[in-house]
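In what follows, every chain begins at residue 1, and chains take the letters A, B, ... in the order their sequences are listed. Small disclaimer: the values here were computed from a predicted structure and weren't measured.
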There are 2 protein chains.
Amino acid sequence: MLMKEISFWYEFASPYAYFSMMRIGDLCKVKGIDVIYQPFLLGPIFKQQGWNTSPFLIYETKGKNFFRDIEREAEFYGLPPITILQEFPQSGLLATRLTLIGLQKGWGVEFSKAVYKRQFQQGLPIGGEQDLSEVLQTMNVGPVEDLLAQACSDEIKAQVWAISEQAQAIGIFGAPSFVVGDELFWGNDRLERAIECAV
Amino acid sequence: MLMKEISFWYEFASPYAYFSMMRIGDLCKVKGIDVIYQPFLLGPIFKQQGWNTSPFLIYETKGKNFFRDIEREAEFYGLPPITILQEFPQSGLLATRLTLIGLQKGWGVEFSKAVYKRQFQQGLPIGGEQDLSEVLQTMNVGPVEDLLAQACSDEIKAQVWAISEQAQAIGIFGAPSFVVGDELFWGNDRLERAIECAV
């Protein structure tokens, strides 16, 4: 029997990826689907489209609706009121690097959820070393300084680079995205469709 | 008792607006919600965002996913396989003008559905006089030449202009959009949310 699986591509700056992160585990568990967690960076992809920041900041009316939409969606999913920092979007680079370490060690998903909650439930920044040190400390997953050093190693940098190349190769242009075989689904609104496709 | 209603903003070039057009009537009927049908043109709004055509043509990877997504969505909604013309997007200007006449005379919704079906189920163009003459003829709603002449009257042109101004004033940036009181919902994926908001 073939293994049923979904690749879940998420970027730490994205509130819609946060919604998917909070939902995908349970939804896939009841259907017997494995989730491959794939943190990535939208920055390089947006740059290729000619954007130097979030399109929600570039396109003002779209952005205005976005901020209201994520408030409504948080409520719809039964999540706490969403908090958006003045400094939106937050850089997900260091969080992505640490997640790659964590995924190898078994705490990557828990860490990702904690980072999202810090940003979108507590309204705290997630881009800096101090921010993520605080997350790591509460998780008790080893010496924080060692993890931060490892996060900046050539090996992890090369992994982040390879992920960006893979994302572009399979046509990813936004977050969250879900890949099931050759099918690419974009957006938290397509999570259920991706799951049906994987079943 | 307050009347429950949703304003449904649709553009004839948009496959996602087509999905909503095929769904909104029945969904609102069972909830006792009135639908205010509001055809409009995205062109002037896209121009303000610096786009001279559909963003799905401007952003190639996003466009590739779009064409696959609408195939999947058509199947999900139990609609016939979707047809997309080489000349995408089609101009919705004349169809919008004729719909405004039809809405006053009681056949605007039926006409809108027929135009969408012609484009997205039969794969036929909808931008020209001949295209829409064929639609009007099958509907038997009066002398086609008179309707086409009226569609180009100053009164109807002024109405289309006023609608564009209204769309921009309320922050519409894409199609379909749904307005319930002060709440703006964007996209076919938000139809159910808009309905819950109106209930």
Rounded to the nearest 0.5 Å, how far does [atom2] of [Y] lie from [atom1] of [X]?
X      : Y      : atom1 : atom2 : result
A:E134 : A:Q137 : CD    : CD    : 7.0 Å
A:F66  : A:T61  : CZ    : OG1   : 13.5 Å
A:F8   : A:Q38  : CZ    : CD    : 11.0 Å
B:Q48  : B:L42  : CD    : CG    : 12.0 Å
A:K47  : A:I45  : NZ    : CD1   : 12.0 Å
B:K31  : B:I6   : NZ    : CD1   : 10.5 Å

Quick check: under 4.5 Å, non-hydrogen atoms only, which of [range] neighbour chain A?
range                       : value
residues 11-30 of chain B   : B:Y16
residues 169-196 of chain B : B:G171, B:F173, B:E183, B:L184, B:F185, B:W186, B:D189, B:R190, B:R193
residues 82-119 of chain B  : none
residues 153-167 of chain B : none

Query raised in the report: Hey, mind stepping through B:R68 and B:E71 against salt bridge (charged side-chain N to carboxylate O under 4.0 Å, His left out) and telling me if it holds?
Result: CA-CA 5 Å; B:R68 178 68 187 121; B:E71 284 178 356; 2.8 Å; yes
Query raised in the report: Taking atom CD of A:E145 as the centre, does the number of heavy atoms from other residues, nucleotides or ligands within less than 6.0 Å exceed 12?
Result: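 No, because the 6.0 Å sphere around CD of A:E145 holds 12 heavy atoms or fewer from other groups.
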Report task. Count the heavy atoms of every other residue, nucleotide or ligand shown that sit under 6.0 Å from CD of B:E129, and state whether that count exceeds 12. Result ->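 Counting neighbours around CD of B:E129, 12 or fewer heavy atoms of other residues, nucleotides or ligands fall under 6.0 Å, so no.
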Query raised in the report: Should B:I36 and B:L41 be counted in the same cluster of Ile, Leu, Val, Met, Phe, Trp and Tyr side chains packed under 4.5 Å apart?
Result: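 In one cluster: no.
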Report task. Look at the side-chain heavy atoms of Ile, Leu, Val, Met, Phe, Trp and Tyr, link any pair under 4.5 Å apart, and say whether B:V141 and B:V135 land in one connected group. Result ->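 Shared cluster, yes.
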Query raised in the report: Quick one: what part of B:K64 sits under 4.5 Å from any heavy atom of chain A, side chain, backbone, both or neither?
Result: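 Nothing of B:K64, per the 4.5 Å heavy-atom cut-off to chain A.
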Requested in this report: Give the C-alpha distance, both sets of side-chain angles, the deciding distance and a yes or no for side-chain contact (heavy atoms from CB on, under 4.5 Å) between B:Y37 and B:V35.
Outcome: CA-CA 6 Å; B:Y37 290 87; B:V35 182; 3.5 Å; yes
Query raised in the report: Taking the side chain from B:D131 and the backbone from B:G127, do they hold a donor-acceptor pair closer than 3.5 Å?
Result: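 Such a contact is found between B:D131 side chain and B:G127 backbone.
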